Amino acid sequence: DWSKNTAPFSPPISPSSPGEGLVLRPLCTADYNRGFFKVLSQLTQTGDVTAEQFTKKFEHMKKTGDYYVIVVEDTALRQIVATATLITEHKFIHSCSKRGRVEEVVVSDVCRGKQLGKLLVSTLTLISKKLKCYKITLECAPKNVAFYEKFGYAASDEAYMQCRF
Ligand code: 16G
């Protein structure tokens with residue numbers, strides 16, 4: 001399934017073999033102390049989140065069953081070096097189907113060039129297919145459009161709108 005459904009990798013890494021000294025796995029609460037927020041801060045403002053706030057949010061997300069937060073850990077340094085999230089949103093439309101959303105795709109600047117972004121997005125896209133989402137979407141900076149096109153994502157003719165508070 002993996003090699004058939006993803007963009008080509010060279011060298012041929014996969015979720016179970018993400019590269020020397022690296023492991024790809026779901027987020028766990030101990031990752032708070034392994035630099036998870038340091039990685040996220042390379043994407044946007046994270047705010048000062050305490051361990052308690054993190055754990056509470058983690059448990060909530062886990063309970064819903066709709067959050068798939070994955071991380072890549074450098075096993076020697078015991079540090080998170082990349083992360084991405086898949087969220088499934090429940091719908092009445094499309095025969096009570098689900099929509100997948102890819103969020104917070106970040107690869108630490110110290111770990112660029114190892115195909116980790118490609119690995120994370122391929123993994124989440126494949127999971128969304130397995131979970132029978134009828135579509136999967138994401139928002140990204142214009143400079144990252146070409147990257148996501150490699151996985152079959154295409155610009156939509158719908159406008160992206162937001163209201164920020
Ligand atoms: C990017 C992210 C999105 C994240 C947002 C944060 C991807 C594919 N997209 O659009 O998930 O929520 O940045 O920016 O990773 P903000 O702080 O301006 O909302």
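In listed order, ligands and their atoms are each counted from 1. Owing to the predicted nature of the structure, the values given are computational and were not obtained by experimental measurement.
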Grouping ILVMFWY residues whenever side-chain heavy atoms fall under 4.5 Å, the cluster of Tyr160 otherwise contains none
For residues 126-141, the salt bridge (Lys or Arg N to Asp or Glu O under 4.0 Å) pairs (sequence neighbours left out) are Asp1-Lys130
Does Lys114 come within less than 4.0 Å of Asp74, counting only side-chain N to carboxylate O?
no
Ionic contact status for Glu89 with Lys91, cut-off 4.0 Å: yes
For ligand 1, list every N/O pair with the protein closer than 3.5 Å, one pair per line with the distance.
| unit_1 | atom_1 | unit_2 | atom_2 | d |
| --- | --- | --- | --- | --- |
| ligand 1 | 9 (N) | Glu139 | O | 2.8 |
| ligand 1 | 10 (O) | Glu139 | O | 3.2 |
| ligand 1 | 11 (O) | Glu103 | OE1 | 2.4 |
| ligand 1 | 11 (O) | Glu104 | N | 2.8 |
| ligand 1 | 12 (O) | Glu103 | OE1 | 3.3 |
| ligand 1 | 12 (O) | Glu104 | OE2 | 2.7 |
| ligand 1 | 15 (O) | Glu104 | N | 3.3 |
| ligand 1 | 15 (O) | Val105 | N | 2.9 |
| ligand 1 | 17 (O) | Thr44 | OG1 | 2.5 |
| ligand 1 | 18 (O) | Arg164 | NH1 | 3.2 |
| ligand 1 | 18 (O) | Arg164 | NH2 | 3.2 |
| ligand 1 | 19 (O) | Arg164 | NH2 | 3.4 |

* To do: For the pair Thr137 and Arg99, evaluate side-chain hydrogen bond (donor to acceptor under 3.5 Å, both in side chains) and give the outcome as yes or no after the intermediate values.
  => CA-CA 8 Å; Thr137 65; Arg99 167 194 187 156; 3.0 Å; yes
Residue pairs passing the salt bridge (Lys or Arg N to Asp or Glu O under 4.0 Å) test with at least one member in residues 5-17, sequence neighbours excluded, are none
